[in-house]
Amino acid sequence: MSLLVLLTASSAFGAPSDATGAAAPGSVLEAVLFYIVAGGVVVSALGVCIAQNIVRMAVWLFTALASVAVMYFLLAANFIGAIQLIVYAGGTLILLVFGVMLTSKSPWIRFEAPKLELVAATVVCVGLFLSLCTLLGRAAWESVDEATAGTSIATIGRALITEYLVPFEMAGVVLMIVMVGAAHMARQEK
Amino acid sequence: MLSIGLTHYLVVAAVLLCTGLFTIMTKRNAIGILIGVELLLNAANVNLVAFDRFREGGLFDGQIMALFIIVLAAAEAAIAVGICINVYKNLATVDVDSARQLQG
Amino acid sequence: MAETTFESTPDLLLDHDRVEQGDLQTEELLVNMGPQHPSTHGVLRIVLRTDGEMVLEAEPHIGYLHRCAEKIGESVQPYQYIPYTDRMDYIAGMNNNQAFAIAIERLCGVEVPERAKRIRVIMAELNRIASHLVALGTYGLDMGAFTPFTWCFREREMILDLFEAACGARLTYSYITVGGVHDDLPDGWVERCEEFLDFFEPKIVDYNNLLSFNHIFVKRTATVGVITAEDALAFGLTGAALRATGVRWDLRKVTPYDGYEDYDFDIPIGQDGGIDGVPRGVVTGDCWSRYYVRILEMTQSVRIMRQALKRLEEGPIEAKKVKGIKLPADEVYVEIENPRGQLGFYVQGDGSAIPARVKARGPSFCNLAITSHTCRDILLADVPAIIGSLDVVLGEVDR
Amino acid sequence: MSQFAVPWREKPEPSHGFVSSFIVALAKGIYAIATPIVTRFPGSILLSAVVASCFLVWAHALLFSYVDTAVLERAAEVGAANPNAFGYFSPSTWGLPPSVIGTLLAGDAAVEGQSPGLLSYLLWPVQFGFTRDMIAFGAIFAWFNIVPVYVIWWERKVAGRIQSRLGPMRVGGWHGWAQSPADGIKLVLKEDFIPDAADSILFRAAPYFAIIPSALAFVALPFGVTYIFREVDVALVFILAMLGIEVMSVILGGWASNNKWSVYGGMREACQMVAYEIPMGMALLVPVVCVGSLSLKYIGEVQADGWFSWLAFRNPFAFVAFVTYFIASLASCKRAPFDLPEAESELVAGFLTEYSGFRWALFFFAEYAAMFVVGGLATIMFLGGWNSPIPSDWGAGLGESIWAKGLKGILFSGPIWFILKCVFFLFLQLWVRWTLPRIRLDQVLYACVQVLLPLTMVLLFGTTLWVWASESGNATWDVIASIVSKVLGIVGLAFGFGFVAIAGYGFYHRRRLVGNLVIDPLPGS
């Protein structure tokens, strides 16, 4: 099993055509890898909404995030993929699981939704999905089939401190506020 | 089918979006709703990165946006988990239906 | 899937008021530490009420190793009861033998020959070293350091070899009997013992370098589980646990037995850090003090043994006619200094050869009583630190 | 059957399946064949293994120098993609233009001056990326399996020596060399036990969440300039992410076991991870700032000029960051003194309490593989990666003869140096583990958040200033920087020699503590 995953994930870095190492666009390999990874994303996402147990939901979310990261590798966005793994799967998700552990009396606690609500949600979501698919099928994107070359981290880094400097600093301020706010909320009131 | 284009990725993003929405609508556990929100954000990220990949120019705006979203998602999760724990401290449950003191 | 709950079961709660007062912070757990747990030194069961990593209170539950040791003493003759005393505190069998033997001797007025007293002192001090080695080694294990354990057991093996040479047993010796000792020392034993002492003394420096003055170890044990002298006296603590609080109390000095008054030795006590090589941050009566008092006591034991070996002379090793001796209708209570504290035996005779009542005062049992007082509002990792520093032997607690 | 029949005796003997029987038979066979040889000639076998591995590396160096010149240069000439062996892109079937494939398959006279003929026909599969991928995949997979098994054996020997014992001595003969494989077989054949109250699916899944990331980390870990499975431009972040994801398995395993001690283990790991991951990442950013790349291959390549060019000796901040990273990496591998999630004296076995058999073995495989990865990261980021301490232009006067090539192939062999350095780090980890007591949780948080984190911030800031000053081109500054670098290098050299001296002393006196006082328990017998 680990062998399979090793092969799949390592091939995601692909038989590349450029320095970033994404699978050559338009190749059969890319298609195969895409369907494997997309299958992983879809199954995990469905797992999240079907699972009743909150810890299992978190595990499904974990696999969904990991598959999305592999999808980023396929899209030649290696940096985003790695960041997705380290921040999302490694950090945020563990925070969530930590929250689950602190807030549930038992791991098998369930909060059932009413039947009617389930039906309504299903109708809404399936309808939304179908309409989105219809829209996507009709949309005429420019230069859709021509994938551009992958990025380099240096470009992203340079853009972050020139063009996107203000959002970058704002993100820092937001993180700062979040740290203070989280610390305040976690403070034990005596 | 074998030529993977932008639409393929957008369909995957649509699946993520709809499942995220479904999760938010049906789960009663506050952290479950948070998980749904993470799915939604990932749908947006997949969209951004895919558009970035299949776009002329190579400015990587999409990737940078995705980066910011990941950062903000981490911040959002930290605050939201903090709120959940506070709710749990006060109400001894994280069922969102039971947190209705402000409902008047 | 079985429905399992992490909720506290109310009838197990130790202190209902505290639970109701305390605001609900996170999940409070009742955790059983033991009876099967690596750091409870046997079959001690401690019920911990924890809030995350914090231990709000800890209550020791004992009795898993109860073998009616005292009741057995009321149905066998004293010399037959000696092997049972071995099995109480199995780490320090010699000292237990000695305590019961002295009790019977005091009751019956048996005079022990000089050579037997010397041998008893040598054996008791050897066993004190062996017992402290176990305490140090397992304390290292409790702190997560495995190596001190094997180093201590390496030296303990040599002591056990010496015991085996003297009496043929390595754990339950039954060597010190009523009226003297069971066998004379074999040829060359004294030289071997001196050789061992020469080998052993520098090893204490090794233990200090490896564990005692290790920064992490000091951080883990200093100011943890501080017991004041008042508390120690109030709870009836004895032995290293009492001396670590700064009380200079040792029965070998206070009420000498078996000729301890002849020997020149000191009573080490715990002290605050910063002087005499004691690391900064150490407080009198904390875990580190209790640990270090044992290290110092080993040095004193070596001192006593050197003197005793020098003064060992030829002579009889056992008083005459003690087997089947009739116990007078009287009672006696004798306490001696066991490695863990004061081990007392109360024996009541009724004119027959079999005691009417035997009762033991175990130092481990009494020292363990302070656990729930000390283990309040500490971290989970401090619980093994405190239990280990008290150095209890469950065989003697449960008897 | 009488009415007194004991019901539990009627149960049939548990029968092992075909795979189990096969494994046992295989193990017995190997044992039967290997034991007489290994027990009789351990020294000569060890010697011949060393010689053989040297020869293999030599042959490897020759082969790849041949292939690289004959195939890759040719490919580059025709304008194919960036050539890179072992992770060699543009496999002929996927990327290379047909004209190139035709030339390569023809083989002969592709490049002038190289001997065509038989060798090139024999080697022709190696020019295909897929073949090389398969070789490299086999190598990684084998390495991933061998490392934990033999590090565990080695750890037990090291622990034995430190504790004045011998360690494993029986299984297989020579110093218990087969102890770990035997333990592995035992673990595989053990009962597949899942507690009733556990969440059985997550309980089963958790070990795989541990082992897959640690195996994936090897994908981006370069063993040499061409010995990379996949060259990823964000290899550093990728490996850090893999180490971070492993935490999930601990939390999950602890949670799914439904044992209070396991939950404690999982929670502790989560707490600890929050504490150590930030200082660890920031300590690794120090060399990244020095070099300006996240690609491990590039970071390794800039350290090719011998000992003094290694990044730990570039500036004082990097030197301190090296120590900081090592401490944080201990926490990342759950190694003592940071082994709180499985603290056996406090939490029984922490998250591993309910695990046994194969699943338990998977956790341990992951842990030891992660130890190697962490050591490899330290090697690449601070200690020159796969480069030898000798500058790489040494030996230019030896000529281009086949023997000179072979000698240089051994002397500058990437994998040999890389593995040696990793083994050094592994030894440090073992040494620390068997010497130090365990830290308390609040002390871990204090050490990581209040000591290491500010320290690494200062280091990062300082090294940024240092790099900025170095790039300003001031001549005086360059002199100062080179002097500082030399001083640091000499300090590092002193540490290195000190380590060798201590290790050698310990090895020479390895029996000193064991038995210089033998007390005969039965005198006269």
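Because only heavy atoms are used, hydrogens play no part in the values below, and waters and symmetry mates are left out as well, while side chains stay in. The chains referred to below are lettered A, B, ... by the order of the sequence lines, with proteins before strands, and numbering in each begins at 1.
Per-residue heavy-atom pair counts under 4.5 Å with chain B were compared for A:L132, A:I80, A:L160, A:L95, and the maximum is reached by A:I80. Most heavy-atom pairs under 4.5 Å with chain A: of the set B:A80, B:A75, B:A78, B:A50, this distinction falls to B:A75. The greatest number of non-hydrogen atom pairs below 4.5 Å with chain A, out of B:L16, B:N42, B:L72, is found for B:N42. The candidate from B:L17, B:V11, B:I24 with the greatest count of non-hydrogen atom pairs under 4.5 Å with chain A is B:V11.
When all heavy atoms of B:L39 and A:A45 are compared, the closest pair comes out as CD1-O, 4.4 Å. Between A:A121 and B:M25, the shortest heavy-atom contact is CA-CE, 3.6 Å. B:I79 and A:G181 get closest at one heavy-atom pair: CD1-C, 4.4 Å. Shortest non-hydrogen contact noted between B:K27 and A:A51 is NZ-O, 2.9 Å. In terms of heavy-atom proximity, A:T92 sits nearest to B:A73 at CG2-O, 4.3 Å.
Both the backbone and the side chain of B:I83 come within less than 4.5 Å of a heavy atom in chain A. Contacts of B:L21 with chain A are made by both backbone and side-chain atoms, with heavy-atom separations under 4.5 Å. Contact annotation for B:F68: only side-chain heavy atoms (C-beta onward) come within less than 4.5 Å of a heavy atom of chain A.
Two residues are said to be in side-chain contact when any heavy atoms from C-beta on lie closer than 4.5 Å; A:P167 and B:M65 fail this criterion. Within the 4.5 Å cutoff, the side chain of B:F22 has heavy atoms near those of the A:L118 side chain. When side chains are defined from C-beta on, B:L34 counts as touching A:L96, because their heavy atoms get closer than 4.5 Å. Proximity of A:Y72 to B:V46: side-chain heavy atoms (C-beta onward) are separated by under 4.5 Å at one or more points.
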For a side-chain hydrogen bond (donor to acceptor under 3.5 Å, both in side chains) check, start with the C-alpha distance between A:Y88 and B:E38, then their side-chain angles and the critical distance, and finish with the verdict.
CA-CA 9 Å; A:Y88 237 130; B:E38 303 296 331; 2.8 Å; yes
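Annotation: the span from A:I83 atom CD1 to B:Q63 atom CD amounts to 11.5 Å, rounded to 0.5 Å.
Ring planes of B:Y9 and A:F34: perpendicular class, angle over 60° (limits at 30 and 60°).
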